[in-house]
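Quick notes on the structure that follows.
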Amino acid sequence: MSTDKNIDKIDIEHNEKSIDNNSINPTFQIMKAPSRIANPGPAGIFSFASTTFLLSMYNLHARDIHTPNVVVGMAIFSGGLVQFMAGMWEFPRGNVFGATGTILTYAAFWMSYGTILIPSSGILTAYKDPTELSSALGLYLITWFMVTIMFIIPILHRNMSFIILLSILAITFALLAAAEFTGKASIGKAGGFTGVITAFIAYYVGISELLEADPKPKIRLPRGVWAYTLFATIKTKAKAKHKIFCSDLHAKQSTERNSG
């Protein structure tokens with residue numbers, strides 16, 4: 001899930017200045033211009049949201065549906081293939097988190113989940129004991145719960161929408177796992193409800209990124225800024241301005257001494 005803009009820029013970083021023989025020696029670092037590949041994040045996000053919404057509606061037993069196998073096609077091609085392609089395009093853009101953290105990894109989840117539901121895979125029929133199958137599925141979901149929790153840590157410096165999205169997704173995995181372990185349908189429905197919420201948050205993020213890619217959007221959807229991130233950004237900018245001010249001051253003083 002990418003939030004970077006494809007804008008060519010040269011980042012001039014003022015490092016520590018050294019004064020030698022009444023001269024200033026600033027250090028400049030020229031950053032490589034980002035890739036011009038279009039942001040593939042919205043494609044991955046919308047695919048994830050749509051597949052999550054469909055499966056969650058089945059978990060809620062909407063329209064009295066108790067067999068979720070129709071989601072197999074969505075899981076393999078939309079949640080799986082499209083997300084996989086979007087994740088691969090994130091690599092040349094340099095977005096490591098978008099590629100590995102929230103697109104490719106969940107593409108693997110949907111592909112693996114879809115494979116489990118395919119009758120010809122023989123995965124479900126390999127379990128003769130229904131309790132053993134429920135325990136196996138529960139451990140499968142717990143694994144993805146842990147992975148999702150781990151992904152929350154590196155995004156704490158990003159916007160709030162991703163934090164909320166992955167947090168509710170983690171709750172969804174936990175509830176679905178608990179439903180498998182306990183056999184209580186009410187817990188599974190609760191997981192379906194939080195899954196629907198997850199899907200709509202993902203839709204919101206996807207629309208926000210599409211609008212962000214538009215040079216002149218009619219509206220923008222805010223994704224929120226965590227207080228720590230806002231404070232860190234303000235502090236970093238203040239330090240950068242202070243360094244530039246000190247550099248200019250030293251240069252002015254050196255010029256005055258040389259002219260005198």
Query raised in the report: Are Y127 and S134 close enough that a side-chain donor and a side-chain acceptor fall under 3.5 Å?
Result: no
Query - For the student: nearest non-hydrogen atoms of P40 and R93, plus distance - result: CD-CD, 3.5 Å
Query raised in the report: Does CE belonging to M111 count more than 12 external heavy atoms closer than 6.0 Å?
Result: yes
Report task. Flag yes if more than 12 heavy atoms outside F193 fall under 6.0 Å of its CZ atom; otherwise flag no. Result -> no
Query raised in the report: For the side chain of S50 and the backbone of F46, is there at least one donor-acceptor N/O pair under 3.5 Å apart?
Result: yes
Report summary line: Of all heavy-atom pairs linking L166 and I155, the shortest is CD1-CD1, 3.5 Å
Report summary line: Closest heavy-atom pair, N39 versus E90, reported as atoms and distance to 0.1 Å, is OD1-OE2, 3.9 Å
**Report entry** Closest approach of G87 to I103 (non-hydrogen atoms, all atoms of both residues)
**Finding:** N-CG2, 3.2 Å
Query raised in the report: Which side chain to side chain donor-acceptor pair (under 3.5 Å) pairs, counting each pair once, include a residue from residues 65-87, with sequence neighbours left out?
Result: none
Report summary line: Between L55 and P68 the two heavy atoms that sit nearest each other are CD1-CB, 4.1 Å
Requested in this report: Answer yes or no: is there a side-chain heavy-atom contact under 4.5 Å between L81 and I76?
Outcome: no
**Report entry** Value rounded to 0.5 Å, distance of CZ in F173 from CD1 in I168
**Finding:** 13.5 Å
**Report entry** Remaining members of hydrophobic cluster (4.5 Å side-chain criterion), V96
**Finding:** none
Query raised in the report: Does atom OH of Y58 have more than 12 heavy-atom neighbours from other groups under 6.0 Å away?
Result: yes
Query - Where at least one partner belongs to residues 111-121, residue pairs that pass side chain to side chain donor-acceptor pair (under 3.5 Å), sequence neighbours excluded - result: S112-Y140
Query raised in the report: Any side-chain heavy atom of M88 sitting closer than 4.5 Å to one from L104?
Result: yes
Requested in this report: Please name all residues satisfying ring-ring contact (aromatic ring centres under 6.0 Å, His included) with F53, sequence neighbours left out, ordered by chain then number.
Outcome: F200
**Report entry** Straight-line distance of S47 OG to M85 CE, nearest 0.5 Å
**Finding:** 10.0 Å
Query raised in the report: Is I153 reachable from F162 through a run of I, L, V, M, F, W or Y residues, each pair having side-chain heavy atoms under 4.5 Å apart?
Result: no
**Report entry** OG1 on T52 to CG on N59, rounded to 0.5 Å
**Finding:** 10.5 Å
Report task. Apply side-chain contact (heavy atoms from CB on, under 4.5 Å) to L137 and L133, showing your working. Result -> CA-CA 6 Å; L137 291 174; L133 174 60; 4.1 Å; yes
Query raised in the report: Can you tell me how far CD1 of I164 sits from OH of Y204, rounded to the nearest 0.5 angstrom?
Result: 9.5 Å
Query raised in the report: Hey, does F48 have a side-chain heavy atom less than 4.5 Å from the side chain of W110?
Result: yes
Determine all donor-acceptor pairs shorter than 3.5 Å in which one atom belongs to a side chain in residues 142-149; sequence neighbours excluded.
residue, atom, partner, partner atom, Å
T143, OG1, L139, O, 2.8
T148, OG1, Y106, OH, 2.7
T148, OG1, W144, O, 2.7

Report task. Specify the closest pair of heavy atoms between A179 and G188, including all atoms of both residues, with the distance to one decimal. Result -> CB-N, 3.4 Å
Query raised in the report: Can you list the other members of the hydrophobic cluster that holds I187, where links are side-chain heavy atoms under 4.5 angstrom apart?
Result: I171, L175
Query - Stepwise side-chain contact (heavy atoms from CB on, under 4.5 Å) check, I152 with S167 - result: CA-CA 7 Å; I152 295 176; S167 297; 3.7 Å; yes
Requested in this report: Starting at CZ of R220, measure out to CD1 of I207 and round the result to the nearest 0.5 Å.
Outcome: 14.5 Å
Report task. Apply side-chain contact (heavy atoms from CB on, under 4.5 Å) to V82 and F77, showing your working. Result -> CA-CA 6 Å; V82 174; F77 291 99; 6.0 Å; no
Query raised in the report: Which distance, rounded to the nearest 0.5 Å, do you find between the CG of L221 and the CG of L210?
Result: 10.0 Å
